[in-house]
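Residues take their numbers from the sequence shown, with the count starting at 1. Everything numeric in this text was worked out from a predicted model, so none of it was measured.
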Amino acid sequence: GTGQFSPYASTDIKEMVASVLQAGAFFDIDAEDPLTGETALLKVVRIQDLDSAKELIGSGADVNYQDKLGFSALMRVVETGYLKMAEALI
């Protein structure tokens, strides 16, 4: 391994979010997963996990962050039509 902390090692989304939130100042909440290029917020938006999205947003996740393809969390939500998630991001 690289010896660097990565919350993305967990395949369980709740564990991943908990790791990101617990890491606090030791981990950039908007860091990308090296495998997918997604931030924690982009991941939870993709799987439509509203509670986790709210936790990450409340902890300072950048709702305007764009992945390598130029998609933001809100752009991903538009694809799904999940209104409550869109409201959380706005």
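- Using a 4.5 Å cut-off between side-chain heavy atoms of Ile, Leu, Val, Met, Phe, Trp and Tyr, L42 falls into a hydrophobic cluster with Y65.
- V45 and F71 are assigned to two separate hydrophobic clusters, defined by single-linkage of ILVMFWY side chains at heavy-atom distances under 4.5 Å.
- The residue from I29, D62, L41 that alone fulfils the side chain to side chain contact (heavy atoms under 4.5 Å, CB included) condition with I57 is L41.
- Here the side chains of E38 and E32 are not in contact, with every heavy-atom distance at 4.5 Å or above.
- Residues meeting the side-chain contact (heavy atoms from CB on, under 4.5 Å) test with I47, sequence neighbours left out: I13, D49.
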Donor-acceptor contacts under 3.5 Å from residues 73-89 side chains, at least two apart:
residue: R76; atom: NH2; partner: D67; partner atom: OD2; Å: 2.3
residue: T80; atom: OG1; partner: V77; partner atom: O; Å: 2.9
residue: T80; atom: OG1; partner: Y82; partner atom: N; Å: 3.3

Test log, rule side-chain contact (heavy atoms from CB on, under 4.5 Å), inputs V17 and S52: CA-CA 7 Å; V17 170; S52 293; 3.8 Å; yes
